[in-house]
Amino acid sequence: MLRMSTLFLRTLREDPADAEVPSHKLMVRGGYVRRAAPGVYTWMPLGKIVLDNVAGVIREEMNRIGGQEVLLPALLPREYYDASGRWTEYGDTIFRLKDRKGADYLLGPTHEELFTLLVKGEYSSYKDFPVILYQIQEKFRDEARPRAGVLRGREFHMKDSYSFDIDDDGLQRSYDLHRSAYIRAFDRLGLRYVIVSAMSGAMGGSASEEFLAETPTGEDTFVRSTESDYAANVEAVRTPAPPALPIEGQPQAQVHHTPDTPTIETLVDFFNAAGLGRTFTAADTLKNVLVKTRAPGAADWEVMGIGLPGDREVDMKRLEAVLHPSEVALLDEADFAANPFLVKGYVGPNALLHNKLRYYVDPRVVEGTAWITGADKADHHVMNLVCGRDFVPDGTIEAAEVREGDPSPDGRGTLYTARGIEIGHIFQLGRKFANAFELDALGPDGKPRRVTMGSYGIGVSRVVAAIVEQSHDDKGIVWPREIAPADVHVVGTGKGEQNEVALRIAGELEARGVRVLVDDRKGVSPGVKFTDAELLGVPTALIVGKGLDQGVVELRDRATGERAEIPLEAAVERVAAAVAGG
RNA sequence: CGGGGAGUAGCGCAGCUUGGUUAGCGCGCAUGCUUUGGGAGCAUGAGGCCGCGGGUUCGAAUCCCGCCUCCCCGACCA
């Protein structure tokens, strides 16, 4: 039984000055957490209970799919991260330290290396696999900008698990198991979330999905459909291609003298003023954006053209995702000087194609579409340049921005953007770490097989904040019962025997297995107790107050605000029923 | 790293422009009396490196120089 009279808790009347988002404000005001350093938080007694409850749900679901819990050190020697290349790759995000002998250590940001070595040390036969190991532990990442309380901390509680399989089918099964475990866990936690594909298909091979809790304060932007349950990261959206048009019968391409029209806007105005018997919009023009790419380790940049409708911008994040792992950059003056056939502001497809540069187009640029585009000559544009007749691109590319109102890739509804908090990530790692550490198992034929891995994370402390983001009102937190710090908040008000009766009922409830928080503080006014109860957010409240003389107490539901006067002698029964039913 | 804001009691803030005697208010905390169904009242208290260092001055929370830290937006990260 938790007693407010002795509980290590101080609620705050005012929002902390450094808090912006609701979960941060409410968790600090409710005394669930206290800031210790930037991005570093102390979990107070009630917060610790909630955190453990969330971890408990995740643990149960991990065990259900056969996961085995372990606990690895957070303090790690540099050598393993050198072997995987991540000592350098992770950059400033790693917390690094030295021991007394000057040897390098780090605080674990994630544990692929050590888990791989752990399995390598124990297992060596195909018969040992598959295996799923997980831990729930503090992680450390020196984020450039920690924010929003525990939502993005530099030290945070995380469940990370790793699957080890002998072949790709096994990896797929382990991945699917995790996916189902995450769905069950997040459902039990009462979260509203979507599962989005985390990467563009162009990256090839490794599947990865993110679980995003939908909230306006989320850091990740994703799109979803108005009509279906389609949801995806912006990087992963695939633009539906319109049907091809017949080429026959289209008018011939004509070059026009178009002075002073280096931008789409000036170009459209020019053609609309030209008296051609129709009006043009930016979407009738084909904009050719020039970029350069460089493969990892390559010395030279390669210039590349991207053709897209003139009303669209290139989304560099999408482009980078598609071209990953190559780097991308815009052309500078020196690049234009090196390629004199590129006339800035008047570049057309054929300058690129005739000079053996790669030219990719937006999926909307299909065969038979006619465009106004650059004529590769200063102050000249060409009209009715038909794709498939006058130029043939090298392929399509997903580089154009995604906009609200675009058709959904699954053909149902249109897209709109939403924001979410990444609460889980499942990832088919493949053999990257197995290769780095030569993790093999002998197959039935006596030959070594390289093991394939998956890694899967849930930000436990972040989940707590995400739940608060989704479940609060202007008075405070509204905990889902499964993770609430208590099932019932018994409040004694008044100066008579109310407190004693409250404590007695609390004891009876506890004896029946109900988790009880009782406000037995003396000399604290009812208003204070009610406001605290609402701020703390325990799902059910039982008020032992002014009705006691008439033998009644009041039952309140935090989520709905419903209140009911009930006879004192029925109180324990009614609360137990509410707890069981709610 | 770029832009903006801020460091004064446990929390939230005023004071700084225009230097001045004992640095103030609300909440919280302590003691006493009253009060007890929506953040009570009165009284009396405790609690301060005014971010740090230097400078100007008879005198600095206040003016000047340098530094540090935090928050927000962006970039970056996932």
Side-chain angles (χ1 to χ4, degrees), chain A residues 8-21 24-25 28-31 34-40 42 44 86 89-95 109-110 139-149 151-154 156 158 160 196 198-199 208-212 217-222 233-235 316-317 320-321 324 420-427 455-459 462 474-476 491-499 502 519 521-536 541-550 552-554 556 561 563 565:
Chain A
F8 185 60
L9 169 75
R10 188 108 301 153
T11 58
L12 303 179
R13 188 179 293 218
E14 286 162 294
D15 286 333
D18 57 0
E20 199 72 13
V21 304
H24 187 190
K25 290 178 183 173
V28 171
R29 279 188 53 206
R34 287 288 182 257
R35 176 182 174 278
V40 180
T42 298
M44 305 287 277
R86 293 210 288 189
E89 236 175 65
Y90 248 96
D92 290 338
T93 305
I94 278 188
F95 275 105
T110 171
K139 292 285 185 279
F140 300 86
R141 294 182 195 171
D142 193 0
E143 297 282 352
R145 194 154 82 80
R147 61 178 287 271
L151 214 43
R152 186 180 199 75
R154 297 196 297 168
F156 55 98
M158 179 169 170
D160 51 323
V196 303
M199 296 191 188
S208 167
E209 287 170 296
E210 288 174 357
F211 290 70
L212 299 179
T217 49
E219 295 184 283
D220 299 78
T221 305
F222 65 101
N233 262 356
V234 172
E235 286 85 345
M316 286 306 280
K317 281 196 140 177
E320 282 166 16
H324 185 88
I421 298 165
E422 183 185 338
I423 46 175
H425 194 171
I426 52 178
F427 188 63
S455 82
Y456 317 87
I458 295 179
R462 180 180 280 186
D474 55 351
K475 295 193 177 77
V491 178
T493 71
K495 60 177 174 181
E497 56 173 354
Q498 285 90 344
N499 265 343
D519 195 342
R521 289 176 293 178
K522 292 194 172 69
V524 174
S525 72
V528 171
K529 292 189 174 185
F530 294 152
T531 351
D532 276 346
E534 281 152 347
L535 175 61
L536 293 176
L542 184 73
I543 316 299
V544 182
K546 66 178 179 187
L548 194 59
D549 294 342
Q550 289 78 48
V552 296
V553 292
E554 186 181 321
R556 293 186 184 178
R563 302 175 179 197
E565 300 250 297

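Lettering of chains follows the sequences in order, A, B, ..., and the numbering in each one begins at 1.
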Any side-chain N or O of A/Lys546 under 4.0 Å from OP1/OP2 of B/G37?
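So the side-chain polar atoms of A/Lys546 never come under 4.0 Å of the phosphate oxygens OP1 or OP2 of B/G37.
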Looking at A/Thr531, does any N or O in its side chain come under 4.0 Å of the phosphate oxygens OP1/OP2 on B/G38?
no
Is there a donor-acceptor contact under 3.5 Å from the side chain of [X] to the main chain of [Y]?
X: A/Arg141; Y: A/Pro109; result: yes
X: A/Lys529; Y: A/Gly492; result: yes
X: A/Arg556; Y: A/Gly561; result: no

Roughly how far, to the nearest 0.5 Å, is the [atom2] atom of [Y] from the [atom1] atom of [X]?
X: A/Leu536; Y: A/Thr531; atom1: CG; atom2: OG1; answer: 10.0 Å
X: A/Glu422; Y: A/Glu210; atom1: CD; atom2: CD; answer: 4.0 Å
X: A/Asp18; Y: A/Lys25; atom1: CG; atom2: NZ; answer: 11.0 Å

Just to be sure I understand the rule, does [X] reach a base, reach only the sugar-phosphate, or reach nothing, if contact means heavy atoms closer than 4.0 Å?
X: A/Gln498; answer: nothing
X: A/Arg462; answer: nothing
X: A/Arg34; answer: nothing
X: A/Ala148; answer: sugar-phosphate
X: A/Arg154; answer: nothing

Select one nucleotide: of [options], the one nearest the side-chain heavy atoms of [X].
X: A/Thr11; options: B/C72, B/G39, B/G12; value: B/G39
X: A/Thr93; options: B/C71, B/C77, B/U36; value: B/C77
X: A/Arg13; options: B/G38, B/G28, B/C70; value: B/G28
X: A/Arg10; options: B/G39, B/G12, B/C29; value: B/C29
X: A/Thr493; options: B/C13, B/G37, B/G39; value: B/G37
X: A/Arg35; options: B/C70, B/C11, B/G37; value: B/C70

Roughly how many Å apart are [M] and [N], using the [atom1] atom of each and rounding to a whole number?
N: B/G3; M: B/G26; atom1: C1'; value: 34 Å
N: B/G4; M: B/U21; atom1: P; value: 35 Å
N: B/G7; M: B/A43; atom1: C1'; value: 35 Å
N: B/U22; M: B/G59; atom1: C1'; value: 15 Å
N: B/C50; M: B/U44; atom1: C1'; value: 27 Å
N: B/U62; M: B/A9; atom1: P; value: 15 Å
N: B/C63; M: B/U17; atom1: P; value: 5 Å
N: B/C29; M: B/C70; atom1: P; value: 30 Å

Which is more 5' along RNA chain B, the nucleotide nearest A/Gly39 or the one nearest A/Ile543? Just name the residue.
A/Ile543
Report the residue (A/His24 or A/Ala17) whose heavy-atom-nearest nucleotide on RNA chain B is the more 5′ of the two.
A/Ala17
Secondary-structure notation, RNA chain B, from Watson-Crick and G-U pairs under 3.5 angstrom (| other strand)
(((((((..((((......[...)))).((((((.....)))))).....(((((..]....))))))))))))....
Would a 4.5 Å heavy-atom cut-off, applied to side chains only, mark [X] and [Y] as touching?
X: A/Glu209; Y: A/His425; value: no
X: A/Met44; Y: A/Arg10; value: no
X: A/Val196; Y: A/Phe211; value: no

Integer-rounded Å distance: [N] [atom2] and [X] [atom1]:
X: A/Asp15; N: B/C27; atom1: CG; atom2: C1'; answer: 14 Å
X: A/Glu210; N: B/C77; atom1: CD; atom2: C1'; answer: 13 Å
X: A/Phe222; N: B/A78; atom1: CZ; atom2: C1'; answer: 16 Å
X: A/Leu548; N: B/U36; atom1: CG; atom2: P; answer: 16 Å
X: A/Glu497; N: B/U36; atom1: CD; atom2: P; answer: 17 Å
X: A/Met44; N: B/G10; atom1: CE; atom2: C1'; answer: 11 Å
X: A/Asp142; N: B/C1; atom1: CG; atom2: C1'; answer: 15 Å
X: A/Glu534; N: B/G39; atom1: CD; atom2: C1'; answer: 11 Å

Applying side chain to side chain contact (heavy atoms under 4.5 Å, CB included) between A/Arg521 and each of A/Asn499, A/Asp532, A/Val491, report the one that passes.
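Per the side chain to side chain contact (heavy atoms under 4.5 Å, CB included) rule, the option paired with A/Arg521 is A/Asp532, out of A/Asn499, A/Asp532, A/Val491.
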Using a distance-only criterion (donor-acceptor N/O pair, under 3.5 Å, no hydrogens), is the base of [N] paired with the side chain of [X]?
X: A/Arg152; N: B/C77; result: yes
X: A/Arg521; N: B/G39; result: no
X: A/Arg563; N: B/G38; result: yes

